[in-house]
2 protein chains.
Amino acid sequence: MSEQLIHHIRKNVAIQVDDELSILSYFRPMHISKKENLLEAGQLCTSHYFVLKGCLRLFFLNEKGTEQTTQFAIENWWLTDYMAFQHNQRTDFTIQAVEPTAVLAIDFQRQEQLLIQFPVMERYFRLIYQRAYAASQLRTKYLYDFSREELYHHFAKSYPEFTQRVPQYLLASFLGFTPEYLSEIRKKRS
Amino acid sequence: MSEQLIHHIRKNVAIQVDDELSILSYFRPMHISKKENLLEAGQLCTSHYFVLKGCLRLFFLNEKGTEQTTQFAIENWWLTDYMAFQHNQRTDFTIQAVEPTAVLAIDFQRQEQLLIQFPVMERYFRLIYQRAYAASQLRTKYLYDFSREELYHHFAKSYPEFTQRVPQYLLASFLGFTPEYLSEIRKKRS
DNA sequence: CGGATCGTTGATCAACTTCAACGGTCGTGG
DNA sequence: CCACGACCGTTGAAGTTGATCAACGATCCG
């Protein structure tokens, strides 16, 4: 299953066949079951995760004590708390599996070594971060532009399969409103 | 003034003194006055900007026709509409100077050439994007965690000098509420 | 000096939350 | 394999947060 990461790297940069195993050796394969946590609030955020199969979510506890999901990651997405990861700090976030999930994990120091041994991986991660930042910039625009109701319809139209894939209360949280309000929105258009 | 970019690059990666001028030759220095636009909605987004001095803002027109600011960039920050920049598309955003501003501009193709001629710049931009993405992830958390009023107090406390530097109606727009509401918030605590 | 721009104030209104209660369904243990 | 409990989605009433609109004062700049 790990050839999936190699495939993803190859879609972005040219690597030597001889280097494939060496690159993969930097990563730890992990399997976690539904509702299991990869990272918990209060811990040091040491790892960066690549999703091979399944779905992760990133959430924190807001002041009311409810879980606020801010990101999902499905197949071929990278995820971590980047601020904590870069600075080797404790995180406020929890990373939890929404489904049974397989990931490749790499620690910060190992990632640094990987980048030194294979400078082409600098380009790979440059592209990954550039795209992630662009997506984030666009998402911020949506958050400012759309009402919560419009946000839901826009999301459901853009990612119909994903909208079915996750429970409604997680989707509501991700879109920034309550499950009750999502119910109301859905009632209107059916 | 362009040595400022070299200084910024050096803070992140090691470059040869001999390469400095060659690197700088990829960039176009530009000076724009207050309220002048570097990029306008509807245009192709061809350039990436590094702020040497002054302040830029990124905004779009929402459905009500009001300017919605989503980002500022001050000294030593990079800015563009990254989605449009990467895909050579038209942008929905306008980039405008909040103050008289000096920038270095680089076009997409030139940036690609720069990265090929100086692979160490892959690492530089990887770090830039990684940090920008981390900041964006944190900002998203704040947007979900804080009420508009808390958002203002948190921002004013974190960036007191910047809060003074820009007009209130731009700050209100950036924080996602109306100038009238900002007035009300300020009244409460004075 | 004069006009445009910016910040303020107060009244009314809309979007969304909160809380409590109910019904369906899913999965787990007996 | 069935029954029970926990979890999830829905409904409706009442409450908040922040928007809208209009009007006024202050300030800045030409």
Side-chain angles (χ1 to χ4, degrees), chain A residues 32-37 55 57 59 61-70 72 94 96-100 142-156 162-190, chain B residues 33-37 55 57 59-70 72 94 96-100 142-156 162-190:
Chain A
I32 55 171
S33 43
K34 189 172 168 175
K35 300 253 177 185
E36 201 178 334
N37 295 337
C55 178
R57 71 183 179 111
F59 71 87
L61 289 183
N62 64 22
E63 43 198 13
K64 288 162 208 141
T66 66
E67 296 180 356
Q68 179 60 60
T69 298
T70 60
F72 291 106
T94 297
Q96 188 177 82
V98 176
E99 310 168 354
Y142 291 149
L143 283 175
Y144 280 91
D145 203 8
F146 295 153
S147 69
R148 302 296 158 103
E149 182 170 356
E150 289 169 328
L151 222 45
Y152 169 72
H153 290 306
H154 182 264
F155 187 86
F162 187 76
T163 303
Q164 303 298 356
R165 190 168 166 182
V166 297
Q168 281 191 38
Y169 70 97
L170 287 185
L171 198 58
S173 170
F174 173 71
L175 294 172
F177 48 77
T178 61
E180 292 94 329
Y181 190 59
L182 179 49
S183 260
E184 197 173 321
I185 292 171
R186 286 166 53 87
K187 188 170 48 164
K188 283 194 204 172
R189 288 224 191 161
S190 57
Chain B
S33 43
K34 189 173 168 174
K35 299 252 176 188
E36 200 178 336
N37 295 337
C55 178
R57 71 183 179 111
F59 72 87
F60 66 94
L61 289 184
N62 64 22
E63 43 198 13
K64 288 163 209 141
T66 66
E67 296 180 355
Q68 179 60 62
T69 298
T70 60
F72 292 105
T94 296
Q96 189 178 81
V98 176
E99 310 168 352
Y142 291 150
L143 284 175
Y144 280 91
D145 203 8
F146 295 153
S147 70
R148 301 299 157 109
E149 182 170 357
E150 288 169 329
L151 222 45
Y152 169 72
H153 291 305
H154 183 263
F155 187 86
F162 187 76
T163 303
Q164 303 297 357
R165 190 168 166 182
V166 297
Q168 281 191 37
Y169 70 99
L170 288 186
L171 198 58
S173 170
F174 173 72
L175 294 173
F177 48 76
T178 60
E180 292 94 329
Y181 190 58
L182 180 49
S183 259
E184 196 173 320
I185 291 171
R186 287 166 54 88
K187 188 169 48 163
K188 283 194 203 172
R189 288 226 190 159
S190 57

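Labels below follow one simple rule: chain letters A, B, ... track the order of the sequence lines, proteins then strands, and each chain is numbered from 1.
- Taking only side-chain nitrogens and oxygens, A/K187 never comes nearer than 4.0 Å to OP1 or OP2 of D/dG9.
- Distance OH (B/Y152) to P (D/dT17): 19 Å, rounded to an integer number of Å.
- To the nearest 0.5 Å, the span separating NE2 on B/H153 from CZ on B/R186 amounts to 10.5 Å.
- For the pair A/P179 and B/R148, both in contact range of DNA chain D, the more 5′-proximal nearest nucleotide belongs to A/P179.
- Atom pair A/I185:CD1 and D/dT10:P shows a separation of 11 Å (rounding to whole Å applied).
- Taking side-chain N and O atoms only, B/K64 has a distance below 4.0 Å to OP1 or OP2 of D/dT20.
- At a threshold of 4.0 angstrom between heavy atoms, the contacts of A/E184 with the nucleic acid are absent.
- Between the CG atom of B/L170 and the P atom of C/dC6 there is a distance of 8 Å, given to the nearest Å.
- Between A/N37 and A/Q96, the closest heavy-atom pair is OD1-NE2, 3.1 Å.
- For the pair B/Y144 OH and C/dT17 P, the interatomic distance rounds to 12 Å; values are reported in whole Å.
- One finds no side-chain N or O of B/Y181 lying less than 4.0 angstrom from the OP1 or OP2 phosphate oxygen of D/dA19.
- When heavy atoms are screened at a 4.0 angstrom cut-off, B/K35 is found touching the sugar-phosphate backbone but no base atom.
- Nearest heavy atom pair, residue B/S173 against residue B/T69, reads OG-N, 2.8 Å.
- In this structure, the CG atom of A/L182 is 15 Å from the P atom of C/dT18, given to the nearest Å.
- Aromatic rings of B/F174 and B/F155 (six-membered ring for Trp) have centroids within the 6.0 Å cut-off, being under it.
- Rounded to whole Å, the distance from CD on A/E63 to P on C/dT17 is 14 Å.
- Both B/Y169 and B/E180 sit near DNA chain C, but only B/Y169 has its closest nucleotide nearer the 5' end.
- Residue B/C55 comes nearest to B/F162 through the heavy atom pair SG-CE1, 4.0 Å, listed as atom of the first residue, atom of the second, then distance.
- In this structure, the CZ atom of B/F146 is 17 Å from the P atom of D/dT17, given to the nearest Å.
- Remark: A/T178 is in phosphate contact with C/dT17, judged by side-chain N or O atoms under 4.0 Å from OP1 or OP2.
- One atom, CZ of A/R186, and another, C1' of D/dC8, lie 12 Å apart when rounded to the nearest Å.
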